[in-house]
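Heads up, the thing below is written out as structure tokens.
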Amino acid sequence: MTELLDHKIARAETRVFKAVFPNTTNHYDTLFGGTTLHMMDEVAFITATRFSRLKMVTVSSDKVDFTHPIPGGSLVELIGSVVRVGNTSLQVRVDLYVEQMYSEERHKAVSGLFTFVAIDQDKRPVRILQEHGAPSNSILNNG
Ligand SMILES: CCCCCCCCCCCCCCCC(=O)SCCNC(=O)CCNC(=O)[C@H](O)C(C)(C)COP(=O)(O)OP(=O)(O)OC[C@H]1O[C@@H](n2cnc3c(N)ncnc32)[C@H](O)[C@@H]1OP(=O)(O)O
């Protein structure tokens, strides 16, 4: 059961690259905070959907730490990973890495947690893992 869950989690990991072009930067020539959150929410949503293959809605976004600025003209990689599976909810961590275009330099700049709930046609919460019964609220990966 754990193996199956680990496999589903690994398959759902979602990586997206973007270039930080001038239309996304502020007057400090760094990526807008709101744009960063938008990108992270989107990657979290894709990760949650790829894990569950159900309709997912955001119910909560936890603390997001912006530890380094994201300069214009750099590349960013966003990595979404499922870190907790509950009954009808799951939690996704999104880490954002900054890469220079013309060197191998790379570091983590932002990290955040997003919780999604699976819903049915009537927008009511539904179980995420019905047949294989993952342990409820199990912490899977806090990395
Ligand atoms: C500039 C260009 C723009 C372009 C644009 C592109 C867009 C690029 C962005 C893409 C991003 C896509 C993202 C799409 C997804 C939305 O956007 S969804 C829209 C925002 N979200 C919503 O509208 C959801 C509104 N909330 C609700 O409908 C209800 O609260 C819900 C989610 C159905 C839950 O209903 P409820 O009665 O509260 O359910 P309840 O049984 O109490 O709890 C269900 C589960 O949620 C958990 N839960 C409830 N509240 C919380 C909480 N606050 N915190 C944590 N867990 C909670 C419970 O613990 C429970 O978990 P389990 O133990 O079952 O695992």
Side-chain angles (χ1 to χ4, degrees), residues 1-101 105-143:
M1 188 189 302
T2 308
E3 256 179 50
L4 181 65
L5 194 55
D6 288 347
H7 181 65
K8 273 180 80 73
I9 288 165
R11 280 189 55 164
E13 184 177 280
T14 299
R15 293 168 176 258
V16 173
F17 275 92
K18 292 191 183 276
V20 182
F21 288 131
N23 63 330
T24 60
T25 54
N26 55 35
H27 56 299
Y28 306 116
D29 192 29
T30 60
L31 187 63
F32 273 118
T35 306
T36 309
L37 290 173
H38 179 154
M39 289 177 181
M40 293 175 77
D41 189 31
E42 186 172 357
V43 169
F45 171 74
I46 294 169
T47 308
T49 303
R50 292 183 66 235
F51 178 86
S52 67
R53 300 295 172 182
L54 295 167
K55 288 185 184 172
M56 303 299 285
V57 290
T58 311
V59 74
S60 173
S61 61
D62 263 330
K63 187 161 160 279
V64 178
D65 295 313
F66 293 78
T67 54
H68 293 88
I70 303 165
S74 58
L75 302 174
V76 293
E77 184 183 16
L78 298 107
I79 306 177
S81 321
V82 173
V83 292
R84 188 179 68 83
V85 181
N87 294 314
T88 66
S89 69
L90 61 74
Q91 197 170 39
V92 175
R93 189 184 66 242
V94 179
D95 295 318
L96 184 153
Y97 293 84
V98 180
E99 269 189 29
Q100 297 309 306
M101 281 200 191
E105 195 188 320
R106 172 185 166 97
H107 59 267
K108 184 156 51 169
V110 189
S111 194
L113 289 169
F114 300 80
T115 305
F116 294 85
V117 174
I119 54 166
D120 64 14
Q121 305 277 27
D122 301 318
K123 301 187 175 152
R124 286 188 307 239
V126 288
R127 284 188 72 85
I128 291 171
L129 295 173
Q130 288 162 354
E131 287 168 29
H132 305 295
S136 175
N137 294 323
S138 52
I139 302 293
L140 301 167
N141 173 10
N142 273 328

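What you see is a predicted model, and the numbers here were worked out from it, not measured in a lab. Counting starts at 1 for both ligands and their atoms, in listed order.
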Do any side-chain atoms of residues 42-52 form donor-acceptor pairs under 3.5 angstrom with protein atoms, and if so which ones, sequence neighbours left out?
{"from": "T47", "atom 1": "OG1", "to": "T14", "atom 2": "OG1", "distance (Å)": "3.4"}
{"from": "T47", "atom 1": "OG1", "to": "V43", "atom 2": "O", "distance (Å)": "2.7"}
{"from": "T49", "atom 1": "OG1", "to": "F45", "atom 2": "O", "distance (Å)": "2.8"}
{"from": "R50", "atom 1": "NH1", "to": "R11", "atom 2": "O", "distance (Å)": "3.4"}
{"from": "R50", "atom 1": "NH1", "to": "A12", "atom 2": "O", "distance (Å)": "3.1"}
{"from": "R50", "atom 1": "NH1", "to": "E13", "atom 2": "O", "distance (Å)": "3.0"}
{"from": "R50", "atom 1": "NH1", "to": "T14", "atom 2": "OG1", "distance (Å)": "2.9"}
{"from": "R50", "atom 1": "NH2", "to": "R11", "atom 2": "O", "distance (Å)": "2.9"}
{"from": "S52", "atom 1": "OG", "to": "A48", "atom 2": "O", "distance (Å)": "3.0"}
{"from": "S52", "atom 1": "OG", "to": "L54", "atom 2": "N", "distance (Å)": "3.1"}

Nearest-0.5 Å distance, [atom1] of residue [X] to [atom2] of residue [Y]:
X   : Y    : atom1 : atom2 : result
L78 : D41  : CG    : CG    : 11.5 Å
M56 : I128 : CE    : CD1   : 4.5 Å
Q91 : D62  : CD    : CG    : 5.5 Å

- Message: Using a 3.5 Å cut-off on N or O atoms only, is T88 in polar contact with ligand 1?
- Response: yes

- Which bit of L90 is near ligand 1, meaning a heavy atom under 4.0 Å away: side chain, backbone, both or neither? neither

- Backbone, side chain, both or neither: what part of S89 comes under 4.0 angstrom of ligand 1, heavy atoms only?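 Both of them.
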
If you measure from [atom] to every heavy atom of [options], which option wins on shortest distance?
atom                    : options        : result
atom 63 (O) of ligand 1 : N87, V126, I46 : N87
atom 57 (C) of ligand 1 : D122, V59, D62 : V59
atom 21 (N) of ligand 1 : V57, I119, T58 : T58

- Of all the atoms in ligand 1, which lie at a distance below 4.0 Å from a heavy atom belonging to V117? 32 (C), 45 (C), 46 (O)

- Item | Residue G86 vicinity, atoms of ligand 1 by number, heavy atom under 4.0 Å | 65 (O)

- Query: Do V82 and K8 have side-chain heavy atoms sitting under 4.5 Å apart?
  - Reply: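 Counting from C-beta outward, V82 and K8 never come under 4.5 Å.
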
Only pairs under 3.5 Å count here: list side-chain donor-acceptor contacts from residues 66-76, not counting sequence neighbours, and write none if there are none.
{"from": "T67", "atom 1": "OG1", "to": "A109", "atom 2": "O", "distance (Å)": "3.0"}
{"from": "H68", "atom 1": "ND1", "to": "K108", "atom 2": "O", "distance (Å)": "3.2"}
{"from": "S74", "atom 1": "OG", "to": "P71", "atom 2": "O", "distance (Å)": "2.5"}

